[in-house]
Amino acid sequence: MTWQAYVDDNLVGTGKVAKAAIFGTDGSLWATSAGYNVEPIEILKLIAAFENPDEIVANGIFLEGKKFNYLRSGDASIYALGEGGVTCVKTNKAVLLGHYAQNMPAGDSTVVVESLGDYLRGTGF
């Protein structure tokens, strides 16, 4: 399966994620849904927050120039609310972004993104 297929089928295709992207842990774009334009500096700041979330706790996460307020994070996950919300999951080699719209249940979106993250970790990614 291609990285684009993971975005199209396993994330957006579920109907529980409005927009999605997969990046390498170096910030390189692997795949994105149509029209989801996360700036390189935004993803690099997000990747850094997995190690030290202080910046996003204080100032939020910016994706596509829009602010998302930090909710919580764990070793491999960051959750934030803005126009809808975003679930960010880090695997060994990738960072998954799943953006859900305001009319989508946050929990459903989180399960979809976290499940793909678990699968990719299990395959070495």
Side-chain angles (χ1 to χ4, degrees):
M1 185 176 280
T2 67
W3 294 112
Q4 191 62 51
Y6 284 120
V7 167
D8 295 341
D9 301 337
N10 297 77
L11 295 172
V12 178
T14 66
K16 300 184 185 312
V17 175
K19 300 186 274 189
I22 302 175
F23 292 87
T25 54
D26 62 355
S28 60
L29 177 63
W30 292 2
T32 188
S33 56
Y36 195 36
N37 300 310
V38 177
E39 295 293 326
I41 190 68
E42 294 172 333
I43 192 63
L44 291 174
K45 285 184 178 185
L46 177 64
I47 291 167
F50 282 102
E51 297 299 320
N52 181 358
D54 292 347
E55 172 71 21
I56 65 168
V57 169
N59 300 311
I61 299 167
F62 287 84
L63 300 171
E64 296 187 298
K66 297 173 185 148
K67 183 177 181 178
F68 291 81
N69 295 309
Y70 173 88
L71 287 177
R72 64 185 172 92
S73 59
D75 292 337
S77 301
I78 296 173
Y79 309 94
L81 286 177
E83 289 183 10
V86 65
T87 300
C88 312
V89 174
K90 184 175 182 244
T91 69
N92 301 327
K93 299 178 183 178
V95 175
L96 314 176
L97 302 183
H99 180 188
Y100 54 92
Q102 291 178 346
N103 65 340
M104 295 175 153
D108 291 351
S109 179
T110 296
V111 167
V112 167
V113 181
E114 292 279 2
S115 294
L116 181 56
D118 290 343
Y119 170 78
L120 292 174
R121 276 188 216 96
T123 63
F125 279 94

TODO: Of all the heavy-atom pairs spanning Pro40 and Ile43, show the shortest one and how long it is.
DONE: O-CG2, 3.1 Å
Task: side-chain contact (heavy atoms from CB on, under 4.5 Å) between Glu64 and Lys19, worked out - done: CA-CA 11 Å; Glu64 296 187 298; Lys19 300 186 274 189; 2.7 Å; yes
Task: Val7 with Val113, same ILVMFWY side-chain cluster at under 4.5 Å - done: yes
Open item on the list: Is there a path of hydrophobic side-chain contacts, each under 4.5 Å between heavy atoms, that joins Trp3 and Leu29?
Closed with: no
Task: Phe125 six-ring face occupied by Lys93 cation (under 6.0 Å, within 45°) - done: yes
Task: Euclidean distance, Phe50 CZ relative to Cys88 SG, rounded to 0.5 Å - done: 5.5 Å
- [ ] Taking all non-hydrogen atoms of both residues into account, name the closest pair between Ile78 and Ser73 and its distance.
- [x] CG1-CB, 3.8 Å
Task: Cluster companions of Leu81 among Ile, Leu, Val, Met, Phe, Trp, Tyr (side-chain spacing under 4.5 Å) - done: Leu71, Tyr79, Tyr100, Met104
TODO: Enter the distance from Lys67:NZ to Glu83:CD here, rounded to the nearest 0.5 Å.
DONE: 13.5 Å
- [ ] Output the distance between atom CG (Leu11) and atom CG (Leu96), rounded to the nearest 0.5 Å.
- [x] 6.5 Å
Open item on the list: Tell me if a side-chain donor or acceptor on Arg121 pairs with a main-chain N or O of Lys90 at a distance below 3.5 Å.
Closed with: yes
- [ ] Check Ala49 against Ile56 and note the closest heavy-atom contact, atom names and distance.
- [x] CB-CD1, 3.6 Å
TODO: Please round to the nearest 0.5 Å and tell me the distance separating atom CG of Leu63 and atom CG of Asn37.
DONE: 11.5 Å
- [ ] Can you run down the side chain to side chain donor-acceptor pair (under 3.5 Å) pairs that involve residues 26-35, sequence neighbours left out, and say none if there aren't any?
- [x] Asp26-Ser28, Ser28-Trp30
TODO: Verify the cluster assignment for Leu97 and Tyr6: are they in a single hydrophobic cluster under the rule of side-chain heavy atoms below 4.5 Å apart?
DONE: no
Task: Ser109 side chain to Thr87 side chain, donor-acceptor N/O pair below 3.5 angstrom - done: no
Task: Test item: Ser77 side-chain N/O and Gly74 main-chain N/O as donor-acceptor pair under 3.5 Å - done: no
Open item on the list: Tell me the closest heavy-atom pair linking Ala18 and Ala101, and the distance in Å.
Closed with: CB-N, 3.9 Å
Open item on the list: Check whether Glu51 reaches the backbone of Ala48 with its side chain - one donor and one acceptor, N or O, closer than 3.5 Å.
Closed with: no
Task: Shared hydrophobic cluster, Val95 / Leu116 (ILVMFWY, side-chain heavy atoms < 4.5 Å) - done: no
Task: Interatomic spacing from CD1 in Ile61 to OH in Tyr70 - rounded to 0.5 Å - done: 8.5 Å
Open item on the list: Using 0.5 Å steps for rounding, measure from the CD1 atom of Ile47 to the CD atom of Glu42.
Closed with: 12.0 Å
Task: Contact check, side chains of Phe68 and His99, non-hydrogen atoms, under 4.5 Å - done: yes
Open item on the list: Hydrophobic cluster membership, with links at side-chain heavy-atom distances under 4.5 Å among I/L/V/M/F/W/Y: are Tyr36 and Val17 in one?
Closed with: no
Task: Side-chain (Thr110) to main-chain (Ala106) donor-acceptor, under 3.5 angstrom - done: yes
Open item on the list: Is there a side-chain contact (heavy atoms from CB on, under 4.5 Å) between Phe23 and Val38? Walk through the geometry before answering.
Closed with: CA-CA 10 Å; Phe23 292 87; Val38 177; 4.0 Å; yes
